[in-house]
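Report on the following structure.
Here the structure is a predicted model, which means the values were calculated and not measured. In what follows, every chain begins at residue 1, and chains take the letters A, B, ... in the order their sequences are listed.
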Amino acid sequence: MNSRAIAKTRRREVAPEAAGRPARLLEWYDRHRRRLPWRPPAGECADPYSVWLSEIMLQQTGVKTVGPYFEKFLARWPDIAALGSASLDEVLRMWAGLGYYSRARNLHACAVKVLRDHGGAFPDTEQGLQSLPGIGPYTAAAISAIAFGRRTMPVDGNIERVVSRLFAVEEPLPQAKPLIQQLAATLLGANEMEARGGGEESRVGDENSRAGDSAQALMDLGSSICTPKKPACALCPLNDDCAARVRGDQESFPRKAPKKAGALRRGAAFVVLRGDRLLVRTRPEKGLLGGMTEVPGSDWRAAQDDKTALKQAPELKGIARWHRKAGVVTHVFTHFPLELAVYTAHAPARARAPAGMRWVPVATLDDEALPNVMRKVIAHGLGDRSPHADRNHRGGARSGVRS
DNA sequence: TATCCGTGGTA
DNA sequence: TTACCAAGGAT
């Protein structure tokens, strides 16, 4: 018996409902798939560049947030050659506000590498894709399935949740990842060539499947029906044989090990004006907010007081009169909360910028690669009078200012 | 393996 | 308000 015959035999041995899952999933997807900027009309394969760009932006970032950035990037750089020819600085400026800035650096590095090493065409295998900057196991599988039709199942946070519920996976994340990956793969439809009887050229694990649709179906399902809280199980195409639903504790999946919170860090930031120009510098390439623009300031340490922080401005010694703005700017990063005291000062008309710093017109701050925490600092330092004030101002602590 | 990377939405 | 979550990757 050859391997294909064995695979078919095994498929018949599974329970009828379970065997029907891939088909039910795709039928649901064909009726309810979301229309998204990076998705072509049903039945068409998306181009690898669009798939790649959207997948990088969507890493740990919501669909709604990504939309405008994707459109903006695609309009500015319609293909890999255009993006690979752009400067890293311009890419970072366009990325500003989207977060996880190493993604932008890797995006640019990846475009350059695809042009230089692959003649401008993305590799069409998972292994080849994973060798590129910013592309890990998930993204390689996603591009492979969605853009190239390879029969593979990318597993993201949505799919982890759907699958852990469907099979009532008791093992907590992240230990359960390999098991969930294996279970998720059972939701892939049969290779179409094989399902039709196939020719010798059809191989399991190769193209001609709707793997991309199966994966996106699970993602849509996870985001609209199998939600973290109060899942709408009545609308789910897989509700018949969902193990967690049978038990009635859907929301308790996926199991997760508790995580600890980071300690509060404090520091000072200096908003120095020379006429209508602001003193800024560029952060180091690596690490937190790498390569982004900031105003000078102290480092950020646990439980640091203002006076200690103020002493960390030796470059700014020439400035005589500091004014300490009331309140502090607050910001919460993934792994620690931050409080920044803001000091303002005015420099003489012809004052030179200290080494490594530069004066930029306040009017063109939108062109800088400014992370949100710096937008908050500048808005606070300027007294919220500029058009660059915190765009999320709704009052309360989330406005970024607290007394 | 655990930690480090932003930001916005949600209940 | 707080805590969690979101189409993860690099080290």
- Considering only heavy atoms and no angle criterion, is a donor-acceptor pair shorter than 3.5 Å present between the side chain of A:Thr61 and the base of B:dG8? no

- Query: Can you find a donor-acceptor pair, distance only, under 3.5 Å between A:Thr139 side chain and C:dG8 base?
  - Reply: no

- Task: Looking only at non-hydrogen atoms, find the nearest pair between A:Val91 and A:His108 and report the distance.
- Result: CG2-CD2, 3.9 Å

Heavy atoms only, 4.0 Å cut-off, all strands: where does [X] land among base, sugar-phosphate and nothing?
X: A:Lys256; answer: sugar-phosphate
X: A:Leu36; answer: base
X: A:Arg105; answer: nothing
X: A:Ile159; answer: nothing
X: A:Ser102; answer: nothing
X: A:Pro154; answer: nothing
X: A:Trp95; answer: nothing
X: A:Pro174; answer: nothing
X: A:Ile135; answer: sugar-phosphate

OP1, OP2 of [N] versus side-chain N and O of [X]: anything below 4.0 Å?
X: A:Asn372; N: B:dG8; result: yes
X: A:Gln60; N: C:dG8; result: yes
X: A:His331; N: B:dG6; result: no

Out of [options], whichever nucleotide has its closest atom nearest the side chain of [X]:
X: A:Phe336; options: B:dC5, C:dG8, C:dA10; answer: B:dC5
X: A:Tyr100; options: B:dC5, B:dT7, B:dG8; answer: B:dC5
X: A:Tyr101; options: C:dA10, B:dT7, C:dC5; answer: B:dT7

- Message: If you assign each of A:Gln175 and A:Arg103 to its closest nucleotide in DNA chain B, which residue comes earlier from the 5' end?
- Response: A:Gln175

- Task: Please determine if A:Arg21 forms a cation-pi arrangement with A:Phe167, meaning its NZ or CZ atom is less than 6.0 Å from the six-membered ring centre and no more than 45° off the ring axis.
- Result: yes

- Item | Ring-face cation of A:Arg31 near A:Tyr29 (centre distance under 6.0 Å, axis angle within 45°) | no

- Please state whether the rings of A:Trp38 and A:Phe70 are parallel, tilted or perpendicular, taking 30° and 60° as the class boundaries. perpendicular

